[in-house]
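To keep things clear, I will list the structure first and then write my remarks on it.
Residue numbers start from 1 in every chain, and the chains themselves are labelled A, B, ... in the order their sequence lines are given, proteins ahead of strands.
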Amino acid sequence: MAALNIGVLALQGAFAAHQEILRDIGCTTRQVREPKDLVGLHALVMPGGESTTMSKLLLTSGLFEPIGQAIDDGMAVFGTCAGMILLASAIEDGRADQCSFGVLGITVQRNAYGRQVDSFETDLDVVGLDEPFHAVFIRAPRVTRFGSVEVLARLDDEPVLVRQGKAWAASFHPELQADDRIHRLFVECVEKE
Amino acid sequence: MSQKDVRGSMTVKRGLAEMLKGGVIMDVVTPEQAKIAEDSGAVAVMALERVPADIRRDGGVARMSDPEMIEGIKAAVSIPVMAKARIGHFVEAQILEALGVDFIDESEVLTPADETHHIDKFKFTVPFVCGATNLGEALRRIAEGAALIRSKGEAGTGNVVEAVRHLRNITGDVRRITQADSAELFDWAKKLQAPLPLVQEIAETGALQVPLFCAGGIATPADAALAMQLGAESVFVGSGIFKSDDPAPRAKAIVEATAHFNNPDILAKVSRNLGAPMTGIGMDKINERYAERGW
C-alpha cells in the first residue's frame, strides 16, 4: 500500500523529532498548525511539550474541533507526554481552562513524577517488543486511573503506554531515542485498521 | 546494558529543552506576572527580581534572586520555572538546584562572579541554558555541559538588532562548517576556540548539538517570528512583555506569533491593537553591553 500520511501537531514542542522518526520508517509526514493541514491524514501524532500551551493554541488556531471530528471519523492518534494529557478523559493538576479530546479512558496527573530534577531514563518491557525499550520521562504525567484501555507498558505497576482502539498514548518520549520500535508498533496498528 | 532510573543525564537534560521548542519563555518578577505568563500560553517562566531593563537602569551588582521569591513563583504556576545564576557562580547554581528549579540560566544579565571560568554544568542534575554571541562561545558552553543555547542579543533594550546578529553568527557558521573539508575543520576549531570533536560533529550533522533559542531584545510578535525564521527554536522574552503598556495581550500575541512564525496572515492578525511596546534603546545609547560578558 501507499505510504501512510501521518500528521504531527506542530503548535509547540518536540514535533520535529517525531517527524524525523516517522519519515525514517517510510511514512509521509506533515506539520499540522491549521485545520487545512488535517486533510487526508491517516493518523495524527501529538508530541511532548507544554500541554497548557498546546491547549491554548489548539483553541486559537481553530484546530480543536476539527481534530476531535477527525478522530470521531476514524483518524488514529498517538500522544506522547503532553500529547497523552491532550487525549485523556480527565486531567488532574491541570488548568481549569485546559482542553482535552477525551478519547482515552484514563485520568492523568500532570508533572506527577516530579520536577525536572526528578526526570529520568529507564528500561521498560513493552507488549509486542522482544527487547526492553529505553524510555525517557521528562516532567512526565502519571496515569492515576484507567478504564477500558489496553496497557502496553508499566512502570512500578502503573501504565505508561496505553491504547484504546486507534488511540495510543505514552507518558514518556519515544521520539527522543534513536529506537523507532514504538512508532513502528503504532504505524502497524494504523495500517491494519 | 540497561540503565535504571538515570537522572540528570544529557539525554534527560536536553529532553526538557526539546519540550520547550516552539514556545515562549517569559521573564517574571512576581507570582502575579507568572500567572499572566501561564495564562497567555508561556512554555516556561524565568523567575527574577528585576527584568533586564530595570537592571540596566538601576546599575549595581545583579545577583541570583531571593529563594523566597523563586518559591513564590514556583507555587503560582504549573509550567517549568527557570532562574538565573551569575556566570561562574556555582554556589548560586547549587542553591537554585536545591530549590528545584527546572532550568538554570547562567546569565550575562547578572554581574559575572568569575571572569575566567563558567560553571562546570556536568556536576549538576538540573539542566543549564547559556547565552552565546557566536558559534565558538556556544560550543564552549556545550563543552561545559549546557543543555540549551540561547543567542544573547542585548537584554533590556527592546531592540532586536543584536539578537539577529548573534543568531546569524551562529547559524551562519554552522552552515559554513558543513561546507568545510576535514582539514579545514582543524582551523575552524582554532578560530572558534572550540573543541575539535564538537566542530567535527557539526560538520557531520549540520546542526548544533543542543537546541538553539533566541533572547535579548524581543519586544513584538514580529520580532519573535523573525527570530524563529532565522533559525531559533524558541524565544525568551525578558523586558518586552512586562515593560509594555498592556502585558497580557502582548504575551498572548507573541505566543501565537512564535507558533505560527511562517504564516504572515496570522502574524498580521495577532500584531493588531497591542498598545505601545516597551520604548527600547539604540545600541549607541547603552553604557554596558551585557553580551560581552562570557568567555
Is the number of heavy atoms from other residues, nucleotides or ligands under 6.0 Å of B:Phe90 CZ greater than 12?
no
Heavy-atom closest contact (A:Val117 atom, B:Val126 atom, distance):
CG1-CB, 3.9 Å
Checking B:Val81 against chain A: side chain, backbone, both or neither under 4.5 Å from a heavy atom?
both
Part of A:Val136 lying under 4.5 Å from any heavy atom of chain B:
side chain
Is chain B contacted by the side chain of A:Thr52, its backbone, both, or neither, given a heavy-atom distance below 4.5 Å?
side chain
Per side-chain contact (heavy atoms from CB on, under 4.5 Å), B:Pro80 is matched among A:Arg139, A:Gln116, A:Arg115 by A:Arg139
With chain A as the partner chain, list the residues of residues 8-23 of chain B whose heavy atoms fall under 4.5 Å from it, by residue number, and write 'none' if nothing qualifies.
B:Gly8, B:Ser9, B:Thr11, B:Val12, B:Lys13, B:Gly15, B:Leu16, B:Glu18, B:Met19, B:Leu20, B:Lys21, B:Gly22, B:Gly23
What part of A:Leu11 gets within 4.5 angstrom of chain B, counting heavy atoms only: side chain, backbone, both, or neither?
both
Below 4.5 Å, heavy-atom pairs only: which of A:Thr53, A:Leu176, A:Leu155 has the largest tally toward chain B?
A:Thr53
Minimum heavy-atom separation for B:Ser78 to A:Asn111, with atom names?
O-ND2, 3.1 Å
Does anything in residues 219-238 of chain B form a ring pair (Phe, Tyr, Trp, His ring centres under 6.0 Å)? List the pairs, not counting sequence neighbours.
none
Per the side-chain hydrogen bond (donor to acceptor under 3.5 Å, both in side chains) rule, what does the pair list look like for residues 256-265 of chain B, sequence neighbours excluded?
A:Glu34-B:Asn263
Heavy-atom distance under 4.5 Å to chain A: side chain of B:Ser40, backbone, both or neither?
backbone
In short, salt bridge (charged side-chain N to carboxylate O under 4.0 Å, His left out) pairs touching residues 90-108 of chain A with sequence neighbours left out are A:Lys56-A:Asp97, A:Glu92-A:Arg145, A:Arg95-A:Asp97, A:Arg95-B:Glu38, A:Arg95-B:Asp39
Does atom CD (B:Gln229) have a neighbourhood of more than 12 heavy atoms from anything else shown, all under 6.0 Å?
yes
